[in-house]
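Written below as structure tokens is the structure these notes are about.
Just follow the structure's listing: the first ligand is 1, and inside any ligand the first atom is 1.
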Amino acid sequence: MRTPVLAANWKMHKTVAEATAFTTAFLPLVADVDDAAIVLAPPFTALAAVAGACRGSRVATAAQNVHWEPRGAFTGEVSLDMVRDAGASHVIIGHSERRHLFGEDDGAVNRKTRAVLADGLTPIVCIGETLAEREADETAAVLDRQIDGGLAGLTPDEVGSIIIAYEPVWAIGTGRTATPDQAQEAHAHVRRRVAALAGRAAADRCRLLYGGSVKPANAGDLSAQPDVDGALVGGASLDPQSFAEIVASGRPR
Ligand code: 13P
């Protein structure tokens with residue numbers, strides 16, 4: 001049995017005060033959740049405050065990005081030491097916005113994933129095709145390339161421990177969600193490819209999250225798919241009540 005993961009990606013939203021207010025309101029709403037992992041990914045500036053507010057609860061925190069080098073002259077970058085020091089246990093890597101707006105390629109995703117694992121944190125590696133790629137029937141090829149490139153050199157044990165988020169780019173922030181069938185088809189493909197890369201046992205352990213316009217109204221049907229192990233939520237995770245409802249729909253039934 002894979003424990004589901006419900007993760008909130010706040011992107012470039014919330015000041016420290018707003019992030020703290022969210023956490024104070026949210027924690028009581030999920031206090032009884034012991035059968036799913038909950039992860040909040042605030043912007044770097046609010047990471048320590050949110051991690052501090054979550055201490056003593058079962059809610060974990062994630063950074064939205066990290067640099068693979070441990071230190072040095074990398075203006076604007078944040079290291080794993082810094083992220084861990086702030087209290088994060090997870091790191092989102094290769095989000096489509098990083099890939100498409102900031103030029104991150106599979107090589108960078110791979111360096112970051114390996115660095116996060118070497119540091120003992122859990123990477124949430126994002127993959128997904130654009131609308132043009134889907135319409136050109138290239139979804140499987142794109143996912144294969146991102147999986148093979150992003151996870152190259154990982155041991156089967158490492159692959160089993162990571163979280164992969166399938167986020168079709170055409171569904172992110174558009175209100176256009178993949179149907180449960182489309183999500184299941186893509187997730188089953190991802191799991192097969194992960195099995196080809198790292199073996200069946202690793203693929204069976206690896207958690208695969210769906211992301212892209214997940215809302216309280218559709219989270220239950222998406223999470224009910226056999227290869228969907230939870231969600232990575234953007235817009236609908238900014239409100240405590242809304243994200244708590246998504247957590248409730250993503251729990252095992
Ligand atoms: P939305 O839920 O706003 O579509 O964003 C999804 C996402 O990119 C999560 O990482």
Test item, S96 contacting ligand 1 (heavy atom, 4.0 angstrom): no

E97 to ligand 1: N or O pair under 3.5 Å? no

Could you tell me, atom by atom, which parts of ligand 1 come under 4.0 Å of a heavy atom of L232? 9 (C), 10 (O)

Tell me the contacting part of N9 for ligand 1: side chain, backbone, both, or neither, using a 4.0 Å heavy-atom threshold, strictly below. side chain

Atom 2 (O) of ligand 1: the protein heavy-atom neighbour that sits closest, reported with distance to 0.1 Å: G234 N, 2.9 Å

Subset of ligand 1 atoms that lie under 4.0 Å from at least one heavy atom of H95: 7 (C), 8 (O), 9 (C), 10 (O)

Should you measure from each heavy atom of S213, which atoms of ligand 1 turn up under 4.0 Å away? 1 (P), 2 (O), 4 (O)

So for S237 against ligand 1, with non-hydrogen atoms under 4.0 Å, the contacting part is neither

When you look at V125 and I163, which way does the side chain to side chain contact (heavy atoms under 4.5 Å, CB included) test go after all the steps? CA-CA 6 Å; V125 180; I163 298 169; over 6 Å; no

Closer than 3.5 angstrom, by distance alone: can the side chain of E129 be matched with the main-chain N or O of L143 as a donor-acceptor pair? no

Is there a side-chain contact between Q182 and R134 (heavy atoms, below 4.5 Å)? yes

shortest atom 5 (O) of ligand 1-to-protein heavy-atom contact is with K11 NZ, 3.2 Å

Distance only, no hydrogens: is a donor on one side chain within 3.5 Å (strictly under) of an acceptor on the other, for H189 and D144? yes

What is the ring orientation for H187 with Y210, classed by angle as parallel under 30°, tilted 30 to 60°, or perpendicular over 60°? tilted

For the 3.5 Å polar cut-off, considering only N or O atoms, please tell me whether A236 and ligand 1 meet it. no

Report yes or no: does E245 contribute a side-chain atom to a donor-acceptor pair with the main-chain N or O of S242 at less than 3.5 Å? no

N or O contact, I172 vs ligand 1, cut-off under 3.5 Å: no

Should one rank A41, G235, A231, G211 by closest heavy-atom distance to atom 3 (O) of ligand 1, which comes out on top? G235

Which atoms of ligand 1 sit under 4.0 Å from any heavy atom of G212? 4 (O), 6 (C)

Contact between K215 and ligand 1, counting heavy atoms under 4.0 Å? no

Mind telling me whether H67 and F74 have parallel, tilted or perpendicular rings, with 30° and 60° as the class edges? tilted

Look up atom CG in L101 and atom NE2 in H95, then write down how far apart they are to the nearest 0.5 Å. 9.5 Å

Closest non-hydrogen protein atom to atom 7 (C) of ligand 1, residue and atom name please, with distance? E167 OE2, 3.2 Å

Is any N or O atom of T174, backbone or side chain, closer than 3.5 Å to an N or O atom of ligand 1? no

Enumerated ligand 1 atoms positioned under 4.0 Å from heavy atoms of A171: 4 (O)

What I'd like to find out is whether the side chain of F44 reaches to under 4.5 Å of the side chain of Q64, using heavy atoms alone. no

Less than 4.5 Å apart, any side-chain heavy atom of N9 and any of I92? yes

Quick one: does any side-chain atom of N218 pair with a main-chain N or O of S213 as donor and acceptor, under 3.5 Å? yes

